[in-house]
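First the structure, in the form of structure tokens, and then the observations on it.
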Amino acid sequence: MANVVIIGAQWGDEGKGKVVDIYTEHAQQVVRYQGGNNAGHTLVVGNETIVLHLIPSGILHPGKRCIIGNGVVLDPKIFLGEIEGLKKRGYMQDDSQLVVDSNLHVIMPWHKAIDLAREKHADRKIGTTGRGIGPTYEDKVGRRGIRMSDLVKPQVFRRKLKEILPEKNFLLENFFGEAPLDEEQIFAEYSSYAQQIEKYIGCCSRSLNKAIEEGANLLFEGAQGTLLDIDHGTYPYVTSSSTCIGGVCTGSGVAARHINGVIGITKAYCTRVGEGPFPSELHDEMGENLRKAGSEFGATTGRPRRCGWFDAVALREAVRLNGMTGLAITKLDVLSELDSIKICTAYSYKGELIEDFPRDADILQECTPVYEEFPGWGSDICEAKSMADLPDAAKAYLAKLEELVNCPAVLISVGPRRDQTIQVSNPFA
Ligand code: IMP
């Protein structure tokens with residue numbers, strides 16, 4: 001029995017969806033434990049491209065149970081839209097394949113309105129996805145949130161609306177100068193969502209722990225990335241949840257002793273969306289080339305991603321914070337055209353060489369990258385099926401990454417399709 005966590009090792013968008021999809025073969029249950037529909041996992045299945053924001057990508061495998069844990073924040077409209085889209089394409093024919101934890105917090109219209117209004121009026125913008133994620137987590141911690149279990153009880157939902165909405169409307173109208181929201185409309189719309197969602201509601205912790213007792217393998221599907229973690233990331237340019245390993249236990253109700261493997265997903269280069277420091281960012285033509293070659297546009301917002309060289313300083317941080325046991329290195333094929341490739345191995349800060357990732361975003365902002373340069377391989381690797389199929393220069397580049405961050409590669413992705421994957425070792429074995 002093995003329970004494996006997949007965590008983004010950079011600033012999100014590392015290609016977690018594809019890796020989760022591949023590892024789902026070995027697991028009986030797949031769990032999302034934090035974040036919400038700020039995530040976007042793009043999967044290529046045959047000729048189809050499927051983008052999922054909320055439902056674990058394991059849903060594409062009939063018979064696998066997918067759970068949205070208590071640590072997730074859920075937008076009911078997006079959730080129901082995703083189910084409809086999946087069913088239309090022939091997936092999720094069995095409703096018992098999906099469980100939504102009753103304790104998770106619901107993203108309400110005021111969360112989205114406040115998220116957008118804050119970004120519009122802020123001097124220092126975070127570049128949020130505008131999905132209401134931050135304000136929902138704020139209300140969760142502020143003990144004025146609406147949980148899924150509240151939404152399905154009309155009297156409780158009405159009482160909470162009456163308690164919460166006046167304060168939100170005061171803020172929207174008087175502080176941000178935005179239109180207030182209508183209680184009746186929200187009550188009717190969200191009650192209708194609740195009726196449709198009720199059949200999926202359950203307990204994430206009980207379902208997972210029962211599966212563990214029965215000897216099942218679990219796969220925990222992280223969203224966003226380590227450097228966007230609310231505690232350990234480049235605060236304040238972060239998301240509002242615990243994207244690191246600690247989020248698994250609080251967001252699912254599974255104890256730490258049940259976790260056997262932590263796989264960090266990293267691109268063979270680096271990207272970031274939204275604001276915030278990014279030392280190895282490329283502002284030149286090379287950055288543009290990577291964006292084009294890697295189709296680096298956000299799956300959720302369509303925003304162009306900022307692109308740069310692989311940052312070993314940042315990745316070492318991610319390996320340490322999460323206790324990563326293996327790396328899945330994605331998009332190696334994107335580098336194939338290049339004559340030479342750089343890796344950021346250290347930073348220079350006020351003339352001093354530093355090898356540890358600064359914990360302060362203002363310091364990180366002033367760091368400049370120190371690079372080592374490697375020869376490119378100049379040939380197409382999209383059909384490589386094993387390490388032996390890779391050119392020597394590609395193997396050398398991967399070996400250097402492993403050495404610099406002190407973590408072995410368990411999977412290499414050389415294209416978006418499932419079969420464009422080199423599985424070096426199996427984390428479930
Ligand atoms: P929020 O999560 O919408 O509050 O956005 C906060 C920050 O996290 C912004 O910089 C977003 O661009 C970033 N972010 C949120 N979700 C993702 C993701 O799935 N991939 C990459 N960046 C993300």
Side-chain angles (χ1 to χ4, degrees), residues 6-20 32-43 51-57 68 71-75 78 82 105 107-108 110-120 122 124-141 221-244 247 251 264-267 269-278 281 291 294-308 311 314 318 330-331 361 364-365:
I6 298 289
I7 290 187
Q10 298 169 313
W11 278 285
D13 308 317
E14 298 92 349
K16 292 181 288 292
K18 173 180 162 174
V19 179
V20 170
R32 274 277 313 263
Y33 52 89
Q34 47 71 226
N37 59 307
N38 46 351
H41 292 166
T42 307
L43 300 144
V51 182
L52 294 171
H53 297 285
L54 207 46
I55 298 178
S57 27
I68 305 187
V72 170
V73 290
L74 183 138
D75 184 325
I78 300 291
E82 237 166 57
H105 280 249
I107 302 176
M108 298 300 294
W110 53 85
H111 295 130
K112 286 180 271 191
I114 290 171
D115 197 3
L116 293 171
R118 280 215 185 102
E119 282 289 280
K120 195 163 100 185
R124 178 152 80 162
K125 296 189 196 304
I126 304 294
T128 73
T129 58
R131 301 296 193 260
I133 307 297
T136 308
Y137 279 114
E138 278 174 44
D139 281 351
K140 172 179 175 172
V141 177
E221 175 176 343
Q224 290 83 45
T226 296
L227 304 173
L228 290 173
D229 185 275
I230 185 72
D231 284 280
H232 300 289
T234 50
Y235 191 89
Y237 305 102
V238 292
T239 191
S240 300
S241 62
S242 296
T243 60
C244 286
I265 318 294
T266 173
K267 279 179 190 161
Y269 49 99
C270 198
T271 64
R272 171 164 207 172
V273 279
E275 305 300 319
F278 177 5
E281 180 171 11
R291 189 172 306 117
S295 305
E296 295 296 355
F297 296 89
T300 300
T301 57
R303 289 181 288 181
R305 295 181 185 141
R306 301 155 63 190
C307 297
D311 185 338
T330 62
K331 293 197 155 183
L364 187 63
Q365 187 73 57

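No hydrogens, no waters, no symmetry mates; every other heavy atom, side chains included, goes into these values. First listed ligand is number 1; within each ligand, the first listed atom is number 1.
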Legend entry - Proximal ligand 1 atoms for G274, defined as those under 4.0 Å from one of its heavy atoms: 10 (O), 12 (O)
Legend entry - Residue and atom name of the nearest protein heavy atom (relative to atom 5 (O) of ligand 1), distance in Å to one decimal: T128 CA, 3.3 Å
Legend entry - contact_flag S240 ligand 1 heavy-atom lt 4.0 Å: no
Legend entry - Side-chain donor or acceptor of K331 paired with backbone N/O of G294 under 3.5 Å: yes
Legend entry - Residue and atom name of the nearest protein heavy atom (relative to atom 2 (O) of ligand 1), distance in Å to one decimal: T239 OG1, 2.6 Å
Legend entry - L227, T243, I133, N38: member with heavy atom nearest to atom 18 (C) of ligand 1: N38
Legend entry - Protein contact of atom 9 (C) of ligand 1 - nearest heavy atom, named by residue and atom, plus distance: G127 O, 3.1 Å
Inset, instruction - Would you mind checking which non-hydrogen protein atom is closest to atom 3 (O) of ligand 1, with the distance to 0.1 Å? - result: T129 OG1, 2.6 Å
Legend entry - Top protein contact for atom 23 (C) of ligand 1, by heavy-atom distance: L228 CD1, 3.6 Å
Inset, instruction - Starting at CG of D311, measure out to CD of E281 and round the result to the nearest 0.5 Å. - result: 12.0 Å
Inset, instruction - To the nearest 0.5 Å, tell me how far I107 CD1 sits from Y137 OH. - result: 8.0 Å
Inset, instruction - Please confirm whether the backbone N or O of E119 pairs with a side-chain atom of K125, one donor and one acceptor, at under 3.5 Å? - result: yes
Inset, instruction - Kindly confirm or rule out an N or O of R131 lying under 3.5 angstrom from an N or O of ligand 1. - result: no
Legend entry - Which residue and heavy atom of the protein sit nearest atom 21 (C) of ligand 1, plus the separation: D13 OD2, 3.1 Å
Inset, instruction - Verify, without hydrogens or angle tests, whether R32 (side chain) and Q34 (backbone) share a donor-acceptor contact under 3.5 angstrom. - result: yes
Legend entry - Heavy-atom nearest neighbour in the protein, as seen from atom 12 (O) of ligand 1, with distance rounded to 0.1 Å: R303 NH2, 3.0 Å
Inset, instruction - May I ask you to check whether D115 has an N/O atom sitting below 3.5 Å from an N/O atom of ligand 1? - result: no
Legend entry - Separation of E275 CD from T128 OG1 (nearest 0.5 Å): 10.5 Å
Inset, instruction - Say whether, by atom type as modelled, one donor and one acceptor occur between the side chain of Q10 and the main chain of K267 under 3.5 angstrom. - result: yes
Legend entry - Sidechain N-carboxylate O distance under 4.0 Å for D13, R305: yes
Inset, instruction - If you have a sec, work out which protein heavy atom is nearest atom 6 (C) of ligand 1 and how many Å separate them, to one decimal? - result: V238 O, 3.3 Å
Inset, instruction - Could you tell me which atoms of ligand 1, counted from 1 in the order shown, lie closer than 4.0 angstrom to a heavy atom of A39? - result: 19 (O)
Legend entry - For W11, the ligand 1 atoms whose distance to one of its heavy atoms is below 4.0 Å: 21 (C), 22 (N)
Inset, instruction - Below 4.0 angstrom from a heavy atom of V273, which ligand 1 atoms are there? Numbered from 1 as shown, please. - result: 10 (O), 12 (O), 21 (C), 22 (N)
Inset, instruction - Please answer whether the main-chain N or O of G225 pairs with a side-chain N or O of T243 as donor and acceptor at a distance below 3.5 Å. - result: yes
Legend entry - Polar proximity ligand 1 side, E275 side, N/O cut 3.5 Å exclusive: no
Legend entry - Main-chain N/O of I55 paired with E82 side-chain donor or acceptor, under 3.5 Å: yes
Legend entry - Partners passing side-chain hydrogen bond (donor to acceptor under 3.5 Å, both in side chains) against H41 (at least two apart in sequence or in another chain): E221
